[in-house]
Amino acid sequence: MPASRVPRSSRTTPASRTAHATRVPRLPRVPLVPRSRVLVGSIAALGAVAALGALGLSGGSAQAASGAQAAAAPAATTHRVLFDNTKAETAGNADWIISTSQPDPLGQNSAPSKETDWTGALSSWGVALQKAGGYQLATLPSGRTITYGDSSNAQDLSNFDTFVIDEPNVLLSSAEKTAVMKFVQNGGGLFLISDHNGSDRNNDGYDSPKVINDLLTNNGVDNTDPFGFSVDSLDISSDTPRAISDSSDPVLHGPFGTVTGSIMADGTTFTLKPSDNSSVKGLLYRTGYSGNTGAFFVTSTFGSGRVAIWGDSSPVDDGTGQSGNTLYDGWNDPGGTDAALALNATAWLAGGGSGTTTGGTSTGTSTGTSTGTSTGTTTGGTTGGSGGCTSAQLLANPGFESGSSGWTASSKVITNATAQPAHSGSYKAWLDGYGVATTDTLAQSVSIPSGCAATLSFWLHIDTAETGTTAYDTLKAQVVNSSGTVLSTLATYSNTNAASGYTQRTFDLSAYAGQTVTVKFTGVEGSKLQTSFVVDDTALNVS
């Protein structure tokens, strides 16, 4: 049984390895508990009611766009979702908020059962998530600033899994754009909703297409089309965009139901640029369009995070809100399955479901007219993986946020102990770090389809109390077969590779296409000073 661990900062490092008798044992790790992530820093600010909501939300079901009830299984982890209200989201007739109680919607009604229990045109969205269970919701109130990494701000993006910006009408500041991009790059989910060209509700010269395109091209982190799409300068008066055919897509076929289409009432579309970001994918298309133009709902990734964008605010408008606003009920419009699309996308962005897939074709027909001009050119065909392979991320529970699900690991390896922070979320795999002779393992079996190119990646942080250039403690990343025979040692790391922060490691596993193999990590620690090998946000992508 390994000795209890203490954080590196609590240890007095002897001048040499021979002085180990004076070492202080590490504090024991926090035992693995059911996956309820509680915002320690924000609970006090959100109040006692919010604290109760974070610990256990009421069960229920989410309303589908057709007016039926979409079944929603209880979530395995608490997904933290922040809705923005700092960019004139309530200007003019807009009312893009989940509740007038901000930052905590539970302050208006702690157990909402219908959309009018909270006030706002997005109340159906918020109430559906609240009733589903496993979601903790908040609003960044008007007058506040979008931040990332500010421990004094309870609504800092680092405290959330998903950030929703519905029809922003004010440019983000340079610092805010950097905050949003860093949030996504480090594993956050960003949900953008645009509207049509000319939808400048506060008359400051900027509508939502301009605001979003400015974020994509002038953010200080990556100004070279980081998400692989741009917002078209269009005002499409009406259409019923249809979903592509892709039974494996986690947004189109998610926990809140199947998405078949959406509605558009003065909206816009997006031009895709897969040469800039190969993960970009159109899920719904305007009538008569496919491929890289006319996309109405798009997903992508950036760094370790996920992105979704919708071309109109009408589909998430539930028709109810603050007095004096002219609203339209798109949430329940029978022309689309907008509730399922909004809710599935929220779940995917927050880390639920598998990674983005590519491929599919648009289906259905409808009529519509447009005004304005669109950028780019229309191209036929669809996107897809090479050689007939369906692109996908194959590892179950890749970020460990569902505990040991999908993984075989030594005791206490998968943990939310704060002494070693996760790369994203709360949980990670922490191998070794005891300062005594220890062998920790972490493994998952996976079947790689024939004809696929396969890439394994993971983020690794190494912390050590060792000094010098001798490798006393090691971590091996290996591919083994069902009998445990090592097929390949991908890399060996040691205490000499210790560094602050995480580094992403990537390896080609294409040679194992058509086989079922096990990805295995083995950490071996010597009998003296500790070395911690911390693994997070794994992925085995095929294409």
Side-chain angles (χ1 to χ4, degrees), residues 228 244-254 274-275 277-283 291 299-301 304 306 348 351-361 381-402 404-410 413-414 429 431 441-460 475-493 504-523 535-543:
I244 65 170
S245 177
D246 187 344
S247 61
S248 65
D249 188 273
V251 174
L252 298 180
H253 303 274
S275 61
N277 186 327
S278 60
S279 71
V280 69
K281 178 184 180 182
L283 299 189
T299 58
S300 188
T301 62
S304 300
R306 298 172 174 179
W348 177 75
S354 59
T356 301
T357 60
T358 60
T361 57
T382 59
T383 59
S386 61
C389 179
T390 299
S391 298
Q393 195 291 112
L394 303 180
L395 292 178
N397 187 23
F400 308 105
E401 297 303 317
S402 295
S404 60
S405 175
W407 295 92
T408 300
S410 300
V413 162
I414 298 176
L431 294 89
T441 60
L442 172 73
Q444 183 172 149
S445 177
V446 59
S447 297
I448 303 176
S450 299
C452 289
T455 301
L456 172 70
S457 64
F458 55 89
W459 290 84
L460 175 64
L475 174 75
K476 291 184 177 181
Q478 297 175 314
V479 178
V480 303
N481 64 18
S482 58
S483 301
T485 302
V486 176
L487 303 177
S488 174
T489 297
L490 304 173
T492 300
Y493 307 99
Q504 189 175 36
R505 313 288 183 171
T506 304
F507 303 93
D508 186 0
L509 300 192
S510 301
Y512 305 104
Q515 301 181 46
T516 298
V517 297
T518 296
V519 175
K520 184 176 183 180
F521 300 90
T522 303
V535 177
D536 201 1
D537 294 327
T538 64
L540 205 168
N541 291 306
V542 295
S543 61

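- Two residues are said to be in side-chain contact when any heavy atoms from C-beta on lie closer than 4.5 Å; Phe400 and Leu442 meet this criterion.
- The distance from atom CG of Leu456 to atom OG of Ser510, rounded to the nearest 0.5 Å, is 11.5 Å.
- Between the side chains of Ser457 and Thr506, not a single donor N or O lies within less than 3.5 Å of an accepting N or O.
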Problem - Pair Phe507-Ser488, side chain to side chain contact (heavy atoms under 4.5 Å, CB included): steps then yes or no - result: CA-CA 11 Å; Phe507 303 93; Ser488 174; over 6 Å; no
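- For the side chain to side chain contact (heavy atoms under 4.5 Å, CB included) with Val542, the lone residue among Thr390, Val446, Ile448 that qualifies is Ile448.
- Expressed to the nearest 0.5 Å, how far NZ of Lys281 lies from OG1 of Thr299 amounts to 6.0 Å.
- A donor-acceptor distance shorter than 3.5 angstrom exists from the side chain of Asn397 to the backbone of Glu401, with no hydrogens or angles considered.
- Across Ala396 and Trp407, no two heavy atoms sit closer than the pair O-NE1, 3.4 Å.
- Remark: Leu283 CG to Leu252 CG distance equals 4.5 Å, nearest 0.5 Å.
- With hydrogens and angles ignored, the 3.5 Å screen pairs no side-chain donor or acceptor of Gln504 with any backbone N or O of Phe458.
- Judged purely by atom type and a 3.5 angstrom limit, Asn541 has no side-chain atom pairing as donor or acceptor with the backbone of Ser391.
- For the pair Ile244 and Asp249, the minimum side-chain heavy-atom distance is 4.5 Å or more.
- For Thr408, the side chain to side chain donor-acceptor pair (under 3.5 Å) test picks out no residue, with sequence neighbours left out.
- Taking the side chain as every heavy atom from C-beta outward, Thr538 and Gln444 never approach each other to under 4.5 Å.
- With sequence neighbours excluded, the residues that form a side-chain contact (heavy atoms from CB on, under 4.5 Å) with Ser410 are Val413, Asp440, Thr441.
- Shown here for Thr518 and Ala443, the closest heavy-atom pair between the two residues is CG2-CB, 3.7 Å.
- The nearest pair of heavy atoms linking Cys389 to Gly451 is CB-O, 3.9 Å.
- The side-chain heavy atoms of Leu490 and Arg505, taken from C-beta on, include no pair separated by under 4.5 Å.
- In this structure, the separation between OG1 on Thr455 and CG on Leu540 is 8.0 Å, given to the nearest 0.5 Å.
- Annotation for Thr516 and Ser447: closest pair OG1-OG, 2.7 Å, computed over non-hydrogen atoms.
- The shortest distance between side-chain heavy atoms of Leu394 and Pro449 falls below 4.5 Å.
- With Thr301 contributing its side chain and Arg306 its backbone, the two residues share no donor-acceptor pair below 3.5 Å.
- Atoms OH and CG, on Tyr493 and Leu460 in that order, are 6.5 Å from each other to the nearest 0.5 Å.
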Please report, to 0.1 Å, the donor-acceptor pairs under 3.5 Å made by any side chain of residues 478-487, with sequence neighbours excluded.
residue: Gln478; atom: NE2; partner: Thr489; partner atom: OG1; Å: 3.1
residue: Asn481; atom: OD1; partner: Ser483; partner atom: N; Å: 2.9
residue: Asn481; atom: OD1; partner: Gly484; partner atom: N; Å: 3.1
residue: Asn481; atom: OD1; partner: Thr485; partner atom: N; Å: 2.9

